[in-house]
Amino acid sequence: MDYSNLTKADIVELLSIKDPIKRTALQKAAEETLFEKCGPGIYLRGLVEQSNICRCDCHYCGIRKSNKKSQRYELTEGDLLNVAQQCVDLGFASMVIQAGERHDAKFISFMEQALQRIKKETTSKQLPKGLGITISLGEHTKETYQRWFNAGAHRYLLRVETTNPDLFAKLHPPEQSFKARVQALRDLRDIGYQVGTGVMIGLPGQTVDDLANDILFFKKEDIDMIGMGPFIPHADTPMSDSDALPLQESLEQTLLMIGTTRLVLQDVNIAATTALEAIDPKGRDYALQFGANVMMPLLTPESVCGDYNLYPGKPKVQNKILVKPNVTGRHYAFDEWGDSQHALLKVME
Ligand code: SAH
């Protein structure tokens, strides 16, 4: 197979690999592409989950608004500043702030001010542009995205979840649409954010053809960063006993997705996501071996991080101490923002 010029049929074939020899060949090719286009560094972002209060009711998600069992919490600006300082101290030059979706004016201003303060207080000789800040706060108006961008965030993560519109409709209540999600990604791009998206893998009814279309969508929309993970059914949601792929199969399918996405998109950042670790303690290491190059160690304070309960098995402890990655030939890229090469090359054009 000519890995440099993959057709949709090739992509489907790669995503359907069962033969261990072909699997190893994909892994090798993905690693080679990663080294050539991005290098061996693993970029670090300290992850803080600011709040699990959410106005959305996504059928798969443990923090959906109808889940009355979810204990709701909100971190203060001071809490976020503490995490920002921890990132600086640990040499994680970037931070991700994620939360449930809220559209009220109070939340939008809260986040704007917090972003401004984090930028201001982390700017130093060591970090002349402060921490790199990624936000993941759901769908908003273009005006809100602009305010947060002006306040200092420069990357945004918003998963499309699936690019099959019928499947999207099954996963979400009618007020959410695939079309609006795609528009949000384009609005973010227009404003100047580096844009990240991704999908869940192993969803009920999802096919390999859907997954191939997801990769082609990332390419067509000129996405800079990818975060994909296995779907893990949550007991307190309408999809608790859905016909999802068994977890081990979802894990394996995710690895094939990561490797294939690396080959097709080449110079983007791809995260080794936490949901992989919920299935297998080595899940994130495997992702790194298939061409992932971003790790997001959890820095949400331990008093609340168990409440950001998107899916079962999510780690409840902070993940501050990073020694060497368990993957040969790779190192953690401390003290670097670690923007995606794809985004940097666009700026230079
Ligand atoms: N409000 C933000 C953050 C949402 S949660 C936003 O809308 O982007 C972040 C991601 O967790 C979601 O995009 C979804 O892909 C993932 N997620 C939620 N429930 C999940 C589950 N049961 N299994 C696996 N991943 C899940």
Side-chain angles (χ1 to χ4, degrees), residues 45 47-67 70 72 74 96-104 107-108 111 134-140 144-145 148 153 155-163 167-168 170-173 175-178 180-182 184-185 187-188 193 195-204 206 211 214 223 225-247 250-251 253-254 257 271 273-280 283 296 298 300 305 307-315:
R45 288 98 176 74
L47 171 63
V48 59
E49 295 146 334
Q50 187 271 329
S51 172
N52 61 359
I53 299 173
C54 192
R55 65 181 289 285
C56 297
D57 223 7
C58 307
H59 302 323
Y60 45 84
C61 184
I63 66 168
R64 66 199 302 269
K65 77 168 172 216
S66 300
N67 181 9
S70 167
R72 305 291 165 168
E74 273 178 276
V96 177
I97 305 173
Q98 189 175 87
E101 191 167 314
R102 275 176 63 178
H103 295 167
D104 51 288
F107 176 76
I108 292 167
M111 206 40 86
T134 307
I135 50 178
S136 179
L137 304 169
E139 278 179 39
H140 290 271
T144 299
Y145 288 148
W148 290 337
R155 310 184 192 109
Y156 203 104
L157 302 176
L158 179 66
R159 288 191 182 176
V160 58
E161 314 298 357
T162 172
T163 58
L167 184 53
F168 187 98
K170 285 190 191 138
L171 300 176
H172 298 98
E175 58 272 20
Q176 276 170 268
S177 76
F178 174 66
R181 189 59 62 107
V182 176
L185 292 171
D187 288 346
L188 289 161
Y193 281 97
V195 178
T197 193
V199 295
M200 284 183 288
I201 295 159
L203 292 162
Q206 190 180 40
L211 295 173
D214 294 341
I223 295 300
M225 315 170 308
I226 308 288
M228 301 183 286
F231 165 60
I232 306 178
H234 188 300
D236 305 319
T237 66
M239 286 173 68
S240 58
D241 52 5
S242 62
D243 229 354
L245 217 57
L247 293 183
S250 294
L251 171 82
Q253 187 69 74
T254 301
M257 265 304 264
T273 53
T274 316
L276 287 163
E277 198 178 84
I279 297 182
D280 184 321
M296 301 192 256
L298 183 67
T300 304
C305 75
D307 294 327
Y308 199 80
N309 186 11
L310 304 172
Y311 46 81
K314 208 173 145 279

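From a predicted model like this one, the values you see are computed outputs, not experimental measurements. We count ligands from 1, going down the list as the structure has it; atoms in each ligand are counted the same way.
- Side chains of D214 and M228 form no contact here, defined as non-hydrogen atoms less than 4.5 Å apart.
- The heavy atom nearest to atom 3 (C) of ligand 1, considering only P312, G138, A99, G100, is found in A99.
- Every N/O-N/O distance between F231 and ligand 1 stays at or above 3.5 Å.
- Y156 and Y193 have perpendicular rings, their planes meeting at more than 60° on a 0 to 90° scale where under 30° would count as parallel.
- Given atom 11 (O) of ligand 1, the protein heavy atom at minimum distance is L310 CD1, 3.5 Å.
- With a 4.0 Å heavy-atom cut-off, ligand 1 is reached by no atom of C54.
- The pair E175-R55 fails the salt-bridge criterion, with no side-chain N (NZ, NE, NH1 or NH2) lying under 4.0 Å from an Asp/Glu carboxylate O.
- The residue from T254, L203, I201 that alone fulfils the side chain to side chain contact (heavy atoms under 4.5 Å, CB included) condition with L211 is I201.
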Using side-chain hydrogen bond (donor to acceptor under 3.5 Å, both in side chains), reason through S51 and E74 one step at a time and then give a plain yes or no. CA-CA 4 Å; S51 172; E74 273 178 276; 5.3 Å; no
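- Considering both main-chain and side-chain atoms, Y60 comes within under 3.5 Å of ligand 1 through a nitrogen or oxygen pair.
- At least one N or O atom of R159, backbone or side chain, sits closer than 3.5 Å to an N or O atom of ligand 1.
- When non-hydrogen atoms are compared, ligand 1 lies under 4.0 Å from the side chain of Q98 (C-beta onward) but not from its backbone.
- In this structure, the side chains of E161 and R181 come closer than 4.5 Å at one or more pairs of heavy atoms.
- Considering only non-hydrogen protein atoms, atom 24 (C) of ligand 1 sits nearest to P230 O, 3.2 Å.
- In terms of polar-atom proximity, H234 is not counted as a contact of ligand 1, lacking any N or O under 3.5 Å from an N or O of the ligand.
- Considering both main-chain and side-chain atoms, I232 comes within under 3.5 Å of ligand 1 through a nitrogen or oxygen pair.
- More than 12 heavy-atom neighbours from other residues, nucleotides or ligands sit within 6.0 angstrom of CG on D104.
- Within the 4.5 Å cutoff, no side-chain heavy atoms of I53 are placed close to those of F107.
- The protein heavy atom nearest to atom 14 (C) of ligand 1 is E161 OE1, 3.4 Å.
- Heavy-atom separations between S136 and ligand 1 include at least one value shorter than 4.0 Å.
- Residues L247 and I232 are in side-chain contact: their nearest non-hydrogen atoms beyond the backbone lie under 4.5 Å apart.
- Atom 4 (C) of ligand 1 has as its closest protein heavy atom Y308 OH, 4.3 Å.
- Heavy-atom separations between M200 and ligand 1 include at least one value shorter than 4.0 Å.
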